[in-house]
Amino acid sequence: QVQLVESGGGLVQAGGSLRLSCAASGISGRINFMGWYRQPPGKQRELVATVASDGSANYADYVKGRFTVSRDHAENTVYLQMSSLNPEDTAVYYCNAFAGLKVYWGQGTQVTVSS
């Protein structure tokens with residue numbers, strides 16, 4: 001059974017930091033990409049950051065310089081270090097994993113940034 005389990009969300013004040021983790025299990029084959037998306041209240045899900053198997057990362061413009069995505073290949077875990085958070089970063093954060101032609105999603109973790 002495939003599982004992506006996120007952790008690390010919560011409530012933080014503006015300017016603060018949080019670190020999200022997502023551990024994948026049960027995925028057969030090579031995981032090419034892992035990443036993070038988010039869904040702000042009343043909006044569509046949007047890209048935050050992805051990291052490829054070679055470690056190369058891609059970021060949405062609105063998080064560049066503030067968020068850092070990294071990956072532990074041995075543990076099939078992806079991390080998102082978030083700094084300088086602002087209320088616009090409030091959202092449910094989802095991790096995903098691309099393996100072959102399949103994409104898998106976690107259940108999401110809430111991040112709330114208070115002003």
Side-chain angles (χ1 to χ4, degrees):
Q1 181 181 359
V2 174
Q3 283 190 312
L4 275 71
V5 180
E6 297 118 333
S7 60
L11 174 65
V12 64
Q13 288 188 333
S17 300
L18 280 176
R19 188 188 193 216
L20 305 183
S21 301
C22 173
S25 61
I27 297 177
S28 61
R30 180 181 180 182
I31 299 177
N32 297 311
F33 292 90
M34 296 188 78
W36 293 92
Y37 286 68
R38 70 186 186 186
Q39 187 164 13
K43 298 184 179 180
Q44 293 186 334
R45 194 172 298 189
E46 59 190 19
L47 170 72
V48 176
T50 61
V51 56
S53 56
D54 64 0
S56 58
N58 177 55
Y59 296 93
D61 287 344
Y62 38 81
V63 304
K64 282 181 180 177
R66 300 188 299 123
F67 292 9
T68 302
V69 64
S70 59
R71 182 174 167 182
D72 182 332
H73 290 273
E75 299 294 331
N76 276 344
T77 300
V78 62
Y79 303 95
L80 185 69
Q81 178 67 48
M82 304 184 292
S83 302
S84 301
L85 287 160
N86 59 63
E88 289 70 37
D89 295 316
T90 295
V92 178
Y93 284 71
Y94 297 90
C95 76
N96 72 357
F98 285 85
L101 298 178
K102 295 183 178 181
V103 57
Y104 305 93
W105 291 91
Q107 81 285 354
T109 186
Q110 177 70 46
V111 172
T112 303
V113 184
S114 63
S115 57

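Treat the numbers as computed from the prediction; the structure is a model and nothing was measured.
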Y79 side, atom OH; D72 side, atom CG - distance, nearest 0.5 Å
5.0 Å

Which ILVMFWY residues are connected to L11, directly or by a chain of links, through side-chain heavy atoms under 4.5 Å apart?
none

Closest heavy-atom contact between V111 and L20?
CG2-CD2, 4.1 Å

State plainly whether one hydrophobic cluster holds both V103 and I31, where clusters connect Ile, Leu, Val, Met, Phe, Trp and Tyr through side-chain heavy atoms under 4.5 angstrom apart.
no

Which value, rounded to the nearest 0.5 Å, describes the distance between S83 atom OG and R19 atom CZ?
11.5 Å

Less than 4.5 Å apart, side chain to side chain, heavy atoms only: is that true for S53 and H73?
yes

Under a 4.5 Å cut-off applied to non-hydrogen side-chain atoms, are F67 and D89 in contact?
yes

What I'd like to find out is whether the side chain of V78 reaches to under 4.5 Å of the side chain of V69, using heavy atoms alone.
yes

Please round to the nearest 0.5 Å and tell me the distance separating atom CG of L85 and atom CZ of R66.
6.5 Å

Cluster overlap L80 with V12, hydrophobic side-chain contacts below 4.5 Å:
yes

Strictly distance-based, threshold 3.5 Å: is any side-chain N or O of E6 a donor or acceptor partner for the main-chain N or O of C22?
no

Atom pair CD (E46) and CD (Q39), whose distance is rounded to the nearest 0.5 Å:
9.0 Å

Does any non-hydrogen side-chain atom of C95 lie less than 4.5 Å from one of M34?
no

When every non-hydrogen atom of S114 is compared with those of P87, the smallest separation belongs to C-CG, 4.5 Å

Where do L4 and Q107 land on the side-chain contact (heavy atoms from CB on, under 4.5 Å) test, with the steps shown first?
CA-CA 7 Å; L4 275 71; Q107 81 285 354; 5.9 Å; no

Could you pull out the closest heavy-atom pair between G106 and Y94, with the gap in Å?
O-CD2, 3.6 Å

Give the minimum heavy-atom separation between V51 and R71, together with the two atoms involved.
O-NH1, 3.7 Å

Taking every non-hydrogen atom, the tightest pair across Y62 and L47:
OH-O, 2.6 Å

Kindly work out whether a path of hydrophobic side-chain contacts (I/L/V/M/F/W/Y, heavy atoms less than 4.5 Å apart) joins L18 to Y37.
no

Main-chain N/O of Y93 paired to T109 side chain as donor or acceptor, under 3.5 Å:
no

Decide if atom CZ of F33 counts as having more than 12 heavy atoms of other residues, nucleotides or ligands within a radius under 6.0 Å.
no

Closest heavy-atom pair and its distance - G108, V92:
CA-CG1, 3.8 Å

M82 side chain near W36 side chain, heavy-atom distance below 4.5 Å:
no

